[in-house]
Amino acid sequence: MADRPHLAVVGAGPAGLAAAQAATRAGLRVTVVDAAPAPGGQFYRQPAAGLRAGRPQALHHRWSTWQRLRPGPGTTLLTEHHVWFAERLPQGFALHALLGPDQERGATVHADGLLLATGGYETLLPFPGWTLPGVLTAGGAQAMLKGSLVLPGRNVVVAGTGPLLLPVATGLAGAGARVAALVESTRPRDALPHAVRLAGRPAALGEAATYAARLARHRVPVLAGHTVLRAHGEERVEAVTVAALGADGRSLPGTERRIACDTLAVSHGMRPHTDLADALGCALDGLRVAVDDEQRTDVPGVWAAGEATGVGGAPLAVAEGRVAGLSAAARLRGLAPVLPSRTVRARAALRRFADAMDAVYRPPARWTEELPDDTLVCRCEEVTARQVRDAAAELGCPDARTVKLLTRAGMGWCQGRVCGPAVAALSRCQEQAARRPFARPVPLGVLAGTPTADDQRE
């Protein structure tokens with residue numbers, strides 16, 4: 001059994017679990033490594049065992065898919081393994097991880113091949129008051145509800161843009177929160193130029209209609225073509241001011257309205273996690289990991305699937321994971337894979353739909369022009385919009401990295417994951433995937449005790 005090729009999968013969300021299942025059934029030894037206490041990823045985040053949730057399926061969509069994806073006895077699952085570096089060795093690969101919630105001890109997983117299903121993270125664009133307690137990402141609000149069975153507040157505004165807002169708003173309303181408004185900057189008519197591609201997936205349109213019906217049942221006002229201008233409060237958020245958007249993407253004077261709330265859940269889309277792929281030397285296509293038709297990266301022995309290769313939702317992640325798992329099972333044995341045509345066709349259709357959704361859901365086109373100079377953009381280093389603008393206009397910064405060096409925006413704890421998109425937009429630089437040597441902070445003691453590739457040769 002030990003002589004079977006060993007595949008390590010990073011990420012236990014839909015893509016990682018689908019890949020692990022396909023590779024295990026094809027005869028590989030598979031180890032799935034994930035930072036969370038339980039598998040499922042963000043989409044199928046599970047309540048803590050101690051909460052003894054009686055009906056966890058009530059918080060999830062497509063629960064039957066999760067039932068099929070659950071890791072079986074043939075897969076090794078390592079939870080609470082926070083991978084901070086992926087390394088190519090003379091023979092195979094090594095994943096270096098921090099263990100447990102404290103992340104003060106290290107562990108290394110060796111494998112013949114790697115499959116990166118590292119998911120994505122939310123984009124949160126700044127506005128006055130966005131640093132107030134009670135302002136959080138829409139995904140963060142969803143994680144609190146799914147993972148801890150806790151409402152982030154009792155009177156919530158859900159705002160921003162993107163398909164994530166619908167399930168978050170309906171989930172919070174169904175759990176007992178009063179959703180004072182769903183504020184979406186996109187209008188239904190914005191989808192018309194992409195109607196053909198969107199119509200190619202009627203199931204998704206049916207899901208949207210279901211969410212809309214639930215919002216109507218809970219009497220949640222939907223403000224399409226609106227945006228949040230400001231969050232108000234002293235100790236925490238107490239209200240938000242929203243306004244309608246004109247055709248040019250600017251807020252329309254005279255349309256402002258103030259909505260009382262104790263929580264603002266906001267999201268402006270998703271971005272792929274590419275840190276580990278970049279550290280391995282994998283090529284990127286814009287902000288996503290570049291892969292071929294088998295989900296292979298350009299680094300031999302490394303595959304990628306799910307949001308890391310382009311944000312597209314759970315069904316696309318599952319299809320990509322299955323293709324990647326089957327490809328890895330064959331290629332690690334020196335064989336050519338046989339990919340199910342049905343899965344390949346589904347992946348192509350789902351990718352077309354995802355690209356259309358990405359084109360529809362965009363932040364307001366002129367949001368940077370309306371952002372006040374004194375608004376914090378990088379909260380870690382307390383860098384304002386004025387400082388970023390000055391660096392770009394007066395110091396001649398050619399790219400976002402130079403802005404970072406001159407202003408310290410992005411040098412804090414999040415390493416630009418939160419402020420990076422805003423800094424790039426304000427400085428009018430093309431956004432690029434950040435190049436970080438490690439995927440997360442590492443204690444010096446763990447770093448000093450980590451074996452290197454040279455150690456592996458000896």
Side-chain angles (χ1 to χ4, degrees), residues 1-34 36 38-44 62-79 83 86 92-93 95 109 111-119 272 276-277 282 289 291-297 299-310 312-351 354:
M1 299 289 286
D3 60 351
R4 290 183 298 163
H6 182 203
L7 177 70
V9 178
V10 184
L17 294 178
Q21 187 178 82
T24 299
R25 289 176 176 174
L28 291 192
R29 289 189 296 130
V30 178
T31 299
V32 178
V33 183
D34 194 82
Q42 172 70 356
F43 195 84
Y44 290 114
R62 302 190 193 96
W63 184 256
S64 60
T65 301
W66 161 246
Q67 297 288 79
R68 294 194 299 270
L69 289 177
R70 284 187 178 189
T75 301
T76 301
L77 176 63
L78 301 179
T79 57
V83 178
F93 300 86
L95 293 175
V109 176
D112 301 302
L114 289 183
L115 198 155
L116 304 177
T118 47
L276 295 179
C282 301
V289 182
V291 293
D292 66 8
D293 290 342
E294 295 180 28
Q295 302 295 137
R296 293 180 296 179
T297 72
V299 174
V302 180
W303 289 258
E307 312 289 52
T309 64
L316 176 57
V318 169
E320 291 184 346
R322 286 174 177 159
V323 169
L326 291 172
S327 174
R331 295 294 181 184
L332 290 178
R333 291 192 177 96
L335 305 173
V338 177
L339 303 176
S341 58
R342 181 177 179 181
T343 301
V344 171
R345 288 195 303 270
R347 179 185 59 175
L350 289 165
R351 173 52 65 194

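FYI, side chains are in, hydrogens and waters are out, and symmetry mates aren't considered; it's all heavy atoms of this structure.
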Closest contact, heavy atoms only, Ala324 versus Gln295 | CB-CB, 3.6 Å
Of all heavy-atom pairs linking Val318 and Ala18, the shortest is O-CB, 3.5 Å
Less than 4.5 Å apart, any side-chain heavy atom of Arg351 and any of Thr309?
-> yes
Spacing of Leu17 atom CG and Thr65 atom OG1 [to the nearest 0.5 Å] | 12.0 Å
Is a donor on one side and an acceptor on the other found under 3.5 Å between the side chain of Asp112 and the backbone of His6?
-> yes
Identify the heavy atoms of Ala277 and Val289 that sit nearest to each other, and give their distance.
-> CB-CG2, 3.6 Å
Distance in Å, Asp293 CG paired with Leu339 CG, rounded so as to fall on 0.5 Å steps = 9.0 Å
Is there side-chain contact between Pro71 and Val32, with heavy atoms separated by less than 4.5 Å?
-> no
May I ask you to test the Arg70-Pro39 pair for a side-chain heavy-atom distance under 4.5 Å?
-> no
The reported gap from CG in Leu326 to CZ in Arg25 (rounded to nearest 0.5 angstrom) is 10.0 Å
Give, for atom CZ of Arg331 and atom CG of Leu7, the distance between the pair rounded to the nearest 0.5 Å.
-> 14.5 Å
Heavy-atom closest contact (Val30 atom, Ala23 atom, distance) | CG2-CB, 3.8 Å
Can you see which heavy atom on Ala12 is nearest to which on Leu77, and at what distance?
-> CB-CD1, 4.4 Å
Of the non-hydrogen atoms in Trp303 and Ala328, which two are nearest, and what is the gap between them?
-> CZ2-CA, 3.4 Å
To the nearest 0.5 angstrom, please state how far the CG atom of Leu114 sits from the CG atom of Leu95.
-> 5.0 Å
Heavy-atom donor-acceptor pair, Ser327 side chain to Val323 backbone, under 3.5 Å = no
For the side chain of Gln21 and the backbone of Arg68, is there at least one donor-acceptor N/O pair under 3.5 Å apart?
-> yes
So, Arg347 side chain and Ala319 main chain: donor-acceptor pair closer than 3.5 Å or not?
-> no
Is the backbone N or O of Gly306 less than 3.5 Å from a side-chain atom of Glu320, with the two atoms forming a donor-acceptor pair by type?
-> yes
Kindly say whether Thr75 contributes a backbone atom to a donor-acceptor pair with the side chain of Thr24 at under 3.5 angstrom?
-> no
